[in-house]
Amino acid sequence: MARRVFELGVPVVIALNKVDRLKGGHIATQMETASKLGDFHALHPISAKTGDGVSELRDDLVSLLPEGPLYFPQEQRTDLPPEVQIAELVREQALRLTKDEVPHAITVEVQGAGRACDRGRDPRRDESQKQILVGKGGSMVREIGRRARPEIEAVVGHPVYLELRVKVKARWRRDEALLQRLGL
């Protein structure tokens, strides 16, 4: 496998993962073994579990990417409208905080100026997912908003009052207007 990779004629970056499970001497032995695989650009000892070395690996990989065409002005962060950016920022925090408890199929719909609505999308589990997203006494939805707010303020350029409401939409798959608004 290594021989075939080195024959491709592209820079090869070796990532030695799970170093959090190895002692220092064993890491050095594994790095020496990996270095004998062929002519490589870089060798990164990392731990995906703890995050050690991951940012250096990412930076190295990004530095190797070719420059691509600009699809929008350089000072512009994205070509997505602010409402979509806001929805994705809230959704990102909801998924980050609930981890595997809520499926990635949830959506966030921005309604009006600053109102967003999390919508569970699996009708069989909607009520339990709603309870997870709301949290005890509203603690989870407040934390989602607290974490999303600074990024949303960076997008819109001013302080925002963020009101999040968690709703369940039954038979959402049949709501063509909703699906169009969500870009699905």
Side-chain angles (χ1 to χ4, degrees), residues 20 46-184:
D20 56 299
I46 66 164
S47 169
K49 182 177 182 178
T50 66
D52 290 342
V54 173
S55 62
E56 293 85 357
L57 171 63
R58 182 181 50 245
D59 292 345
D60 197 18
L61 292 173
V62 168
S63 75
L64 293 171
L65 293 173
E67 197 66 37
L70 293 177
Y71 292 109
F72 42 87
Q74 187 140 5
E75 67 278 357
Q76 190 175 330
R77 179 177 153 175
T78 179
D79 61 344
L80 296 175
E83 294 80 16
V84 175
Q85 292 179 57
I86 291 167
E88 283 303 304
L89 291 169
V90 172
R91 181 176 181 272
E92 175 186 4
Q93 292 306 320
L95 292 172
R96 182 170 284 147
L97 288 166
T98 59
K99 297 188 178 25
D100 294 330
E101 295 180 80
V102 176
H104 285 77
I106 70 166
T107 62
V108 175
E109 177 184 354
V110 175
Q111 299 175 336
R115 289 193 354 244
C117 172
D118 285 340
R119 295 188 183 272
R121 291 172 51 181
D122 181 350
R124 295 166 300 205
R125 293 169 41 188
D126 284 347
E127 283 305 318
S128 65
Q129 292 170 9
K130 179 178 178 179
Q131 292 171 355
I132 292 167
L133 285 167
V134 170
K136 186 174 182 177
S139 61
M140 181 62 73
V141 75
R142 274 194 307 276
E143 184 63 13
I144 291 168
R146 188 188 71 74
R147 290 186 180 196
R149 185 175 294 106
E151 293 184 57
I152 293 170
E153 290 175 345
V155 168
V156 298
H158 58 77
V160 296
Y161 170 73
L162 190 61
E163 180 182 341
L164 300 179
R165 296 182 187 172
V166 179
K167 295 183 181 181
V168 174
K169 175 136 174 110
R171 295 182 297 280
W172 66 271
R173 294 173 196 258
R174 296 185 186 142
D175 187 340
E176 290 298 320
L178 172 63
L179 293 174
Q180 283 182 336
R181 282 197 316 270
L182 297 174
L184 302 174

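Every heavy atom of this structure was used, including side-chain atoms; hydrogens, water molecules and symmetry mates were not. Starting from 1, each residue takes its place in the sequence as its number.
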Between CD1 of Ile144 and CD of Glu92, what distance do you get to the nearest 0.5 Å?
11.5 Å
If you look at every heavy atom in Leu80 and Gln85, which pair is closest and at what distance?
O-NE2, 2.8 Å
Is Val156 close to Ile86 at the side-chain level, that is, under 4.5 Å between some pair of heavy atoms?
yes
Going by atom type alone, with no hydrogens or angles, which donor-acceptor pairs under 3.5 Å involve a side-chain atom of residues 54-75 and a protein atom two or more places apart or on another chain?
from: Asp60; atom 1: OD1; to: His41; atom 2: NE2; distance (Å): 3.0
from: Asp60; atom 1: OD2; to: His44; atom 2: NE2; distance (Å): 2.8
from: Ser63; atom 1: OG; to: Asp60; atom 2: O; distance (Å): 2.7

Taking distance alone, no hydrogens or angles, what donor-acceptor pairs closer than 3.5 Å link side-chain atoms of residues 147-154 to residues at least two apart or in another chain?
from: Arg147; atom 1: NE; to: Glu143; atom 2: OE2; distance (Å): 2.8
from: Glu153; atom 1: OE2; to: Val160; atom 2: N; distance (Å): 3.1

Atom pair CZ/CG of Arg165 and Leu133 - distance to nearest 0.5 Å:
16.0 Å
Check whether Arg142 reaches the backbone of Gly137 with its side chain - one donor and one acceptor, N or O, closer than 3.5 Å.
yes
Specify the closest pair of heavy atoms between Asp20 and Lys49, including all atoms of both residues, with the distance to one decimal.
OD2-CD, 3.8 Å
